[in-house]
A.B. asks: 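Here you go, one structure.
When a ligand or atom number is given, it counts from 1 through the structure's own listing order. Any value given below was found using the heavy atoms of this structure, including those in side chains, with hydrogens, waters and symmetry copies removed.
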Amino acid sequence: MAKHTMRSGSRYQYLFGPVPSRRLGRSLGVDLTPRKTCTLDCIYCQLGRTTALTTERREYVPVADVVAEFADWLQSGGTADYITLAGSGEPTLHSRFGEVIERIRERTRIPVALLTNGTLLNRPDVLEAAAKADVVKVTLSAADETLFSRIHRPCRGVTLAQTVRGQVRLRDGFDGQIWLEVFLVWGVNSTPADVRRIAALARQVRPDRVQFNTSVRPPAEAFAEPVPGGVLAELAALFDPPAEVLAEFSAERSEQVGVTEETILAMLRRRPCTAGQVARVFGLHANEASKYLGKLLRTRRIRSERRADAVYYAGAGPGTRSGR
Ligand code: SF4
């Protein structure tokens, strides 16, 4: 079958990629919410600050249109390792996401992954829908309500206790894989004592895999600094099974046509832009734009700067120190 490539934002409105994913190989993204519609406003979010902080579940995008796009993608020879419900916000806020999974599964044997923060899994309808996926990736990055509020800045009524309860209930009735992401932020939840307490909660969830993540891509808040790789490797042993430290995929492996780190860098040297502007100019999904910017920041070819309410990225001249 011919390898299928596309430019996000042109051919499809709700599908993006396939993009290289650190967890999932080549992943076709299915975006079920408007940008930054989420139950949380995580300080490390690679999509910036949450603009619609909510627990309201509704059909944010029409299921029929999503399914029609997916059918078209399959028909034109689309292949991927996973079909992934993820993207611009929290997919379980979509009131019919379970039906989207069903419609996808009727049409393909490619496994379906749900990337969720897990905060709504305490609801029976969300739990039942989530269990239709092959893999559910949940997040658990705090061991008490104070830290949960500090890291995730949740919507009113969303608590760590309900989040853990929902994740445990999912495990109790689900044969598929649960991958538990622990997002560590330097100086916020990264001491061995913090991580030991998170590991104790994780044992209640009994995930198949535990995966460490840190701010390798530009975070919503500049103070959400990444935890060094060596420290992550030491902390990994505190989990059972031991946590995997996800290696960053190279953005150069993206299948986007005509977009490279160099073309993005060339533009940022001329004109500072926000991540959203980079995405729009190059026809990338926000996640993909963020991968490129993360790589350019880590290699100090660009720097970031917060102005008013937005983070701008600009080329870092020779000898100029990165802003991060
Ligand atoms: S990281 Fe995920 S859960 Fe947190 S604000 Fe961003 S989209 Fe929401």
A.B. asks: Are there protein heavy-atom neighbours of atom 2 (Fe) of ligand 1 below 4.0 Å?
C.D. replies: no
A.B. asks: Using the rule side chain to side chain contact (heavy atoms under 4.5 Å, CB included), only one of Leu180, Val136, Ile178 pairs with Asp208; which is it?
C.D. replies: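 For Asp208, the side chain to side chain contact (heavy atoms under 4.5 Å, CB included) test succeeds with only one of Leu180, Val136, Ile178, which is Ile178.
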A.B. asks: Tell me whether Cys42 has at least one N, O or S atom under 2.8 Å from atom 8 (Fe) of ligand 1.
C.D. replies: no
A.B. asks: I'd like to know if Leu40 contacts ligand 1, where contact means a heavy-atom distance under 4.0 Å to any ligand atom.
C.D. replies: yes
A.B. asks: In terms of atom number and element, which parts of ligand 1 are under 4.0 angstrom from non-hydrogen atoms of Asn117?
C.D. replies: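 Contacts of ligand 1 toward Asn117, numbered from 1: 3 (S).
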A.B. asks: Heavy atoms only, cut-off 4.0 Å: how does Thr50 contact ligand 1, side chain, backbone, both, or neither?
C.D. replies: side chain
A.B. asks: Can a side-chain donor-acceptor contact be found between Thr139 and Glu181 if the only test is distance below 3.5 angstrom?
C.D. replies: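 A donor-acceptor contact under 3.5 Å links the two side chains.
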A.B. asks: Closest non-hydrogen protein atom to atom 6 (Fe) of ligand 1, residue and atom name please, with distance?
C.D. replies: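 Among all protein heavy atoms, the one nearest atom 6 (Fe) of ligand 1 is Cys45 SG, 2.4 Å.
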A.B. asks: Check Lys36 against ligand 1 and report side chain, backbone, both or neither, counting heavy atoms closer than 4.0 Å.
C.D. replies: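 The part of Lys36 near ligand 1 is the side chain, not the backbone.
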A.B. asks: Could you tell me whether Arg150 and Asp144 have a side-chain N and a carboxylate O separated by less than 4.0 Å?
C.D. replies: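 Looking at Asp144 together with Arg150, the answer is no, because their closest N to O distance does not fall below 4.0 Å.
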A.B. asks: Which heavy atom of Leu15 sits nearest to which heavy atom of Trp73, and what is that distance?
C.D. replies: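 Looking at all heavy atoms of both residues, the shortest contact is CD1-CB, 3.8 Å.
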A.B. asks: May I ask you to identify the nearest protein heavy atom to atom 8 (Fe) of ligand 1, giving residue, atom name and distance to one decimal place in Å?
C.D. replies: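 The protein heavy atom lying closest is Cys38 SG, 2.3 Å.
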A.B. asks: Among side-chain atoms of Thr116 and Glu90, is any donor-acceptor pair under 3.5 angstrom?
C.D. replies: yes
A.B. asks: Taking the basic N atoms (NZ, or NE/NH1/NH2) and the acidic carboxylate oxygens, is any pair closer than 4.0 Å for Glu106 and Arg103?
C.D. replies: yes
